[in-house]
Peer 1: 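My structure is below; once you've seen it, I'll send some questions.
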Protein chains: 2
Amino acid sequence: MAADQAVWPDDLFADLDRTGPVPLYFQVSSRLEAAIRSGDIPPGARLENEIAIGHRLGLSRPTVRRAIQEVVDKGLLVRRRGIGTQVVQGQVTRQVELTSLYEDLQNAQHDPATRVLTHETRTVPADVADQLGVSTGSDVLYLRRQRSSDGVPVALLENWLPADFSDIPREQLEQQGLYQILRSRGVAIRVAKQRIGARREHGDEAELLDIERGGPLLTMERVAYDASGHAVEFGRHCYRPDMYSFETTLVAK
Amino acid sequence: MAADQAVWPDDLFADLDRTGPVPLYFQVSSRLEAAIRSGDIPPGARLENEIAIGHRLGLSRPTVRRAIQEVVDKGLLVRRRGIGTQVVQGQVTRQVELTSLYEDLQNAQHDPATRVLTHETRTVPADVADQLGVSTGSDVLYLRRQRSSDGVPVALLENWLPADFSDIPREQLEQQGLYQILRSRGVAIRVAKQRIGARREHGDEAELLDIERGGPLLTMERVAYDASGHAVEFGRHCYRPDMYSFETTLVAK
DNA sequence: AAGTGGTCTAGACCACGTT
DNA sequence: ACGTGGTCTAGACCACTTG
């Protein structure tokens, strides 16, 4: 039974910072995740039981449980009652997260660039007013941007924001992702609802994305909400399907 | 301050079943979710604080927290330290869940139908062997199905499964979703990794989906894992983009 | 029978945002 | 100063799986 024995690289989990602001469960879960992604804890390996781990780390069982649960929710671990906790088989991939495309590309170590095609205040279209929860006929900021990665156009981004954001300068939009800009203004996105689909290219999209006329596009519509639950942004994006796709890990509750 | 006063329709949360197998946190969270989706607790409404709710329901604070957290994770509630818990603004939509398309369509109260185009044992293709984690050259069950909703073709589904499942009868595949069949055989899908993209139609897809030749398709590739972390199924699906799209709610952690 | 995760309790202290 | 959620503890009992 040595092969599937419980595994726990203990030097990795020796020094917990009890004074700093980082929660203990988070310290444990992030190191655990790193150990799995790096292969230090291999696919199929069994973890020790929760109480033993807690004893080893000097933590209570609820804290250990929470740390493990975080990693389970990312799809890297599987729990079974009466059995134990195991690393999933198969290569690990990254989670779809609540970030903008710009940050996605940055994280993937590409060189993102943005060209602002349109930046103006407009009367809100009826369908957008509905999504944003603003009254019909009010003014909103309309953006249309072309996003490239390593010099290749990847996406066309249309966004509508409440008029409070009309002072976002065009130059900043060329340098940063929209969500980065919003965060720097103290607006944190907490919830977003998005719909992913496909359609045929039309208008000037083929030219701007450097694809064949009438070719397929991957599309995404998104409404983003801040911490108070108010809609902050509505976006209607389209992506070159040979350059971008959406990855998700789903976990049964 | 009467307008945004804390709200809690107390008759909805009076009778908790402490004897049955349904966890208390789940009883509370599911009623809470229903109350929000139905509008009984309106958008923007503030909940009582956790201790008060616990006292009202005769529950400890961790149990109440867990119930609320479930609803937060679905994107229906937003928590702010020092402030409280509020219902998000904006209309609520359903979550992308770990179900098959067949069940999605059933839930949406359509009439799904399946035509099995291919049902045979094949040598596994190299790329699929990689995804499924089976050795190259081994046999797998290959399925190709056409899925319709209310008589209109919606999707073409290609699936590869380990040879243990070769005895799944063709007739059952016409009547049930694949995940339903797997569940009835004691295989529960716990984790799935999927990639959503788009491409141009090719081959016989235009005919089978009743779309224009060369038109756009929404695509999804998925590897599904069971409770022990082993890959159970690899799927490569394509959807008529005018009939299907993927909705997701993202919540910042 | 033994071991595992799943649930639940009744407290505690802290960080944060408002008043 | 006060009230909120965020974290953490140290137990308890139960359900499920395996030997």
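Throughout, protein chains are lettered first and strands after them, A, B, ... in sequence-line order, and every chain is numbered starting at 1.
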Peer 1: From CD of B:E48 over to P of D:dG3, roughly how many Å is that when rounded to an integer?
Peer 2: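 Nearest whole value for this atom pair: 14 Å.
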
Peer 1: Select one nucleotide: of C:dT4, C:dT9, D:dG5, the one nearest the side-chain heavy atoms of B:R79.
Peer 2: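 In terms of side-chain proximity for B:R79, the closest of C:dT4, C:dT9, D:dG5 is D:dG5.
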
Peer 1: To the side chain of B:R66, which of C:dG11, C:dG6, C:dT7 is closest?
Peer 2: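 Closest of the options to the side chain of B:R66: C:dT7.
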
Peer 1: Is the closest basic N to carboxylate O distance between A:E221 and A:R195 below 4.0 Å?
Peer 2: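 Salt bridge absent between A:E221 and A:R195.
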
Peer 1: I want to check one thing: is the phosphate of C:dG11, taken as OP1 and OP2, less than 4.0 Å away from some side-chain N or O of B:S60?
Peer 2: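 For C:dG11, neither OP1 nor OP2 has a side-chain N or O of B:S60 closer than 4.0 Å.
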
Peer 1: Would you indicate what A:R65 reaches in the nucleic acid, counting non-hydrogen atoms under 4.0 angstrom: base, sugar-phosphate, or nothing?
Peer 2: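 Since a base atom lies under 4.0 Å of A:R65, the category is base.
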
Peer 1: Are B:E158 and B:R236 ion-paired here, with the side-chain N under 4.0 Å from a carboxylate O?
Peer 2: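 Between B:R236 and B:E158 there is no salt bridge, as every charged N stays at least 4.0 Å from the carboxylate O atoms.
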
Peer 1: In whole Å, I'd like the distance from the CG atom of B:L57 to the C1' atom of C:dT9.
Peer 2: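 For the pair B:L57 CG and C:dT9 C1', the rounded distance is 15 Å.
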
Peer 1: Select one nucleotide: of C:dT9, D:dC8, C:dG5, the one nearest the side-chain heavy atoms of A:E50.
Peer 2: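 Of the candidates, C:dG5 comes closest.
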
Peer 1: Working note: B:T85 + B:R79, criterion side chain to side chain donor-acceptor pair (under 3.5 Å); need CA distance, chi angles, decisive distance, verdict.
Peer 2: CA-CA 4 Å; B:T85 304; B:R79 284 212 254 233; 4.9 Å; no

Peer 1: Of the options C:dG6, D:dG6, C:dT18, whose atoms approach the side-chain atoms of B:R81 most closely?
Peer 2: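 Minimum distance to the B:R81 side chain belongs to D:dG6.
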
Peer 1: Kindly point out which of D:dC8, C:dA10, C:dT4 is positioned nearest to the side chain of A:L24?
Peer 2: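 Of the candidates, D:dC8 comes closest.
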
Peer 1: Is B:N49 near enough to D:dT4 that one of its side-chain N or O atoms lies under 4.0 angstrom from OP1 or OP2?
Peer 2: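 Yes, within the criterion.
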
Peer 1: Reckon B:R61 has a side-chain N or O less than 4.0 Å from the OP1 or OP2 of C:dA10?
Peer 2: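 For C:dA10, neither OP1 nor OP2 has a side-chain N or O of B:R61 closer than 4.0 Å.
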
Peer 1: Base, sugar-phosphate, or nothing for A:R80, non-hydrogen atoms under 4.0 angstrom?
Peer 2: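 The residue A:R80 makes sugar-phosphate contact but no base contact.
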
Peer 1: Taking NZ, NE, NH1 and NH2 as the nitrogens, is one of them in A:R185 or A:D164 under 4.0 Å from a carboxylate oxygen of the other?
Peer 2: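 No.
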
Peer 1: Between C:dG17 atom C1' and B:R46 atom CZ, what is the distance in whole Å?
Peer 2: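 Going from CZ in B:R46 over to C1' in C:dG17 covers 13 Å.
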
Peer 1: Between A:L77 (CG) and C:dT4 (P), how many Å, whole number?
Peer 2: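 In whole Å, C:dT4 P and A:L77 CG are 16 Å from each other.
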
Peer 1: Round to the nearest Å and state the distance from A:L47 atom CG to C:dG3 atom C1'.
Peer 2: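 Roughly 16 Å, once rounded to whole Å.
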
Peer 1: What is the distance, rounded to the nearest whole Å, between atom CD1 of B:I83 and atom C1' of D:dG6?
Peer 2: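 The answer, rounded to whole Å, is 14 Å.
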
Peer 1: From the set D:dT9, C:dT7, D:dG5, return the single nucleotide nearest to any side-chain atom of B:T85.
Peer 2: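 For B:T85, the side-chain atoms sit closest to D:dG5.
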
Peer 1: Provide, to the nearest angstrom, the distance between the CD1 atom belonging to A:I51 and the P atom belonging to D:dA12.
Peer 2: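 For the pair A:I51 CD1 and D:dA12 P, the rounded distance is 11 Å.
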
Peer 1: Between B:Q69 and A:V64, just flag the one whose closest nucleotide in DNA chain D comes earlier from the 5' side.
Peer 2: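 The residue closer to the strand's 5' end, by nearest nucleotide, is B:Q69.
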
Peer 1: Testing the 3.5 Å rule here: is there a donor-acceptor pair between the side chains of B:E233 and B:Y225?
Peer 2: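 Distance-only check fails for B:E233 and B:Y225.
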
Peer 1: I'd like to know if B:E33 and B:R37 make a salt bridge, using a cut-off of under 4.0 Å between side-chain N and carboxylate O.
Peer 2: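 Yes, B:E33 and B:R37 are salt-bridged.
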
Peer 1: Within less than 4.0 Å of OP1 or OP2 of C:dC8, is there a side-chain N or O belonging to B:Y25?
Peer 2: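 Looking at the OP1 and OP2 atoms of C:dC8, neither is under 4.0 Å from any side-chain N or O of B:Y25.
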
Peer 1: Look at all strands and tell whether A:P23 reaches a base, only sugar-phosphate, or nothing, counting heavy atoms closer than 4.0 Å.
Peer 2: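 The answer is sugar-phosphate, as A:P23 gets under 4.0 Å only of primed atoms, P, OP1 or OP2.
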
Peer 1: Give the rounded distance in Å between these two atoms: CG of A:L59 and C1' of D:dT7.
Peer 2: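 About 12 Å, once rounded to whole Å.
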
